[in-house]
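Chain naming here is simple, since letters A, B, ... match the order of the sequence lines and numbering starts at 1 in each.
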There are 2 protein chains.
Amino acid sequence: MATSAKPVLHGYFRSSCSWRVRIAFALKDIEYDQIPVNLIKDGGQQHTQQYKELNPMQQVPAVEIDGVTISQSLAIIQYIDETRPGTPLLPSDPKKRAQVRMISDLIASGIQPLQNLSVIQKIGAEKVQWAQHFISRGFQALEPILRETAGKYCVGNEISMADICLVPQVYNAERFKVDIEQFPTIKRLNATLVEIDAFRISHPSCQLDTPEDLRQP
Amino acid sequence: MATSAKPVLHGYFRSSCSWRVRIAFALKDIEYDQIPVNLIKDGGQQHTQQYKELNPMQQVPAVEIDGVTISQSLAIIQYIDETRPGTPLLPSDPKKRAQVRMISDLIASGIQPLQNLSVIQKIGAEKVQWAQHFISRGFQALEPILRETAGKYCVGNEISMADICLVPQVYNAERFKVDIEQFPTIKRLNATLVEIDAFRISHPSCQLDTPEDLRQP
């Protein structure tokens with residue numbers, strides 16, 4: 001356990017779930033330390049005994065904060081929101097909160113797990129088509145939902161956990177060459193969001209552990 | 001759209017995510033109407049145009065409540081909790097809330113989506129081994145987490161959303177013949193929970209749409 005008073009994020013530059021947490025910290029203006037966990041090197045550092053004690057699921061992210069360790073990105077984000085001042089990450093209206101959670105869970109349960117590293121490794125040769133299938137299926141559902149809920153952002157005109165989930169999933173979609181042009185609402189929201197500081201500084205292209213050849217200024 | 005003042009649950013007797021919502025309604029003592037969506041018959045009634053308008057993701061559950069339609073079971077459960085009196089489904093302490101959400105998300109994002117009907121249909125012949133692999137991996141992570149957080153129930157001595165997620169996942173594990181004896185904490189918690197009325201009356205063996213041959217008194 002780190003003993004720093006600052007939260008410690010164990011994450012990986014390209015993990016979309018780690019990126020969600022980095023965005024949340026940035027939106028809340030919270031300083032934190034990062035300990036990179038390389039998901040590829042040495043067969044995956046998430047499988048070491050030391051890391052398994054932090055997160056037995058052997059996935060990133062895990063956050064040490066206020067004397068406890070929390071894994072699962074949406075649990076982390078909501079803990080940060082409930083204990084820290086600043087920009088709220090969920091709206092106060094219960095129906096809008098439900099919409100934010102519905103969109104977040106559609107991504108976090110309905111899309112991301114199916115194109116996660118450990119799953120596509122198990123799929124093998126067909127992995128690109130597999131990931132494309134599940135990302136496309138998810139975006140085909142997300143597009144009409146967002147058409148109903150979105151204003152400037154995913155739910156109305158305030159940034160929320162739904163936006164925090166959307167941008168890293170669009171990044172994954174692009175990595176797997178899913179054609180975003182089919183989804184005009186997703187495309188518009190993503191284009192707006194990626195210009196915002198909290199999304200830019202947390203981007204996989206400019207993290208502590210981003211390899212030189214993937215680094216962008 | 002149903003016009004009933006009571007919430008309407010669109011679900012399927014054997015869907016673990018539908019069962020979660022039935023448990024939440026029962027714990028909160030909320031009367032609701034059910035409209036069965038048969039996931040097998042006619043190639044799956046979740047794919048009809050009518051149902052896609054309720055949930056574009058073409059999955060159960062979806063709930064019509066207070067003039068809105070919410071899909072994604074954890075979004076539904078938290079909406080119910082935030083708008084209805086009675087037994088709280090999340091603790092008031094932020095760290096315990098984080099633990100409840102961490103356990104719920106480990107199941108709802110880390111296990112269930114990988115043994116979901118649409119996924120194992122795509123896997124084909126290897127589907128039982130596939131489901132066993134991901135359920136076992138999830139339970140191997142869940143067991144040490146629950147050893148830390150559990151009292152009588154998953155987090156301390158109050159029933160929560162974590163328990164609502166656990167019991168239907170153990171039911172799925174048993175269907176896929178995962179040996180629960182390996183996970184003594186999960187086994188103990190499940191044995192306690194299945195005796196509780198809200199879990200019994202919502203069980204897949206006694207729903208409106210349970211086929212005669214699977215029905216138990």
Problem set entry | Atom group of P94(B) that falls short of 4.5 Å from chain A, counting heavy atoms | both
Taking atom types as modelled, which donor-acceptor pairs link chain A and chain B at under 3.5 angstrom?
unit_1	atom_1	unit_2	atom_2	d
D66(A)	O	K95(B)	NZ	2.8
Q78(A)	OE1	R101(B)	NE	3.3
E82(A)	OE1	R97(B)	NE	2.8
E82(A)	OE2	R97(B)	NE	3.2
E82(A)	OE2	R97(B)	NH2	3.1
E82(A)	OE2	R101(B)	NH1	3.1
E82(A)	OE2	R101(B)	NH2	3.2
K95(A)	NZ	D66(B)	O	2.8
R97(A)	NE	E82(B)	OE1	2.8
R97(A)	NE	E82(B)	OE2	3.2
R97(A)	NH2	E82(B)	OE2	3.1
R101(A)	NE	Q78(B)	OE1	3.4
R101(A)	NH1	E82(B)	OE2	3.1
R101(A)	NH2	E82(B)	OE2	3.2
A108(A)	O	S109(B)	OG	3.0
S109(A)	OG	A108(B)	O	3.1
S109(A)	OG	S109(B)	OG	3.0
S118(A)	OG	R137(B)	NH1	2.9
R137(A)	NH1	S118(B)	OG	2.9

Problem set entry | chain A contacts, top residue of V100(B), I145(B), I103(B), L106(B) (heavy-atom pairs, under 4.5 Å) | L106(B)
Exercise. What part of P113(A) is in contact with chain B, defined as an atom under 4.5 angstrom from a non-hydrogen atom: side chain, backbone, both or neither?
Worked result: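 Both parts, heavy atoms under 4.5 Å.
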Exercise. Which residues pass the ring-ring contact (aromatic ring centres under 6.0 Å, His included) test with F139(B), sequence neighbours left out?
Worked result: F183(B)
Exercise. Looking only at heavy atoms, what is the nearest atom pair of A98(B) and A75(A), with distance?
Worked result: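 Heavy atoms of A98(B) and A75(A) come nearest at O-CB, 3.9 Å.
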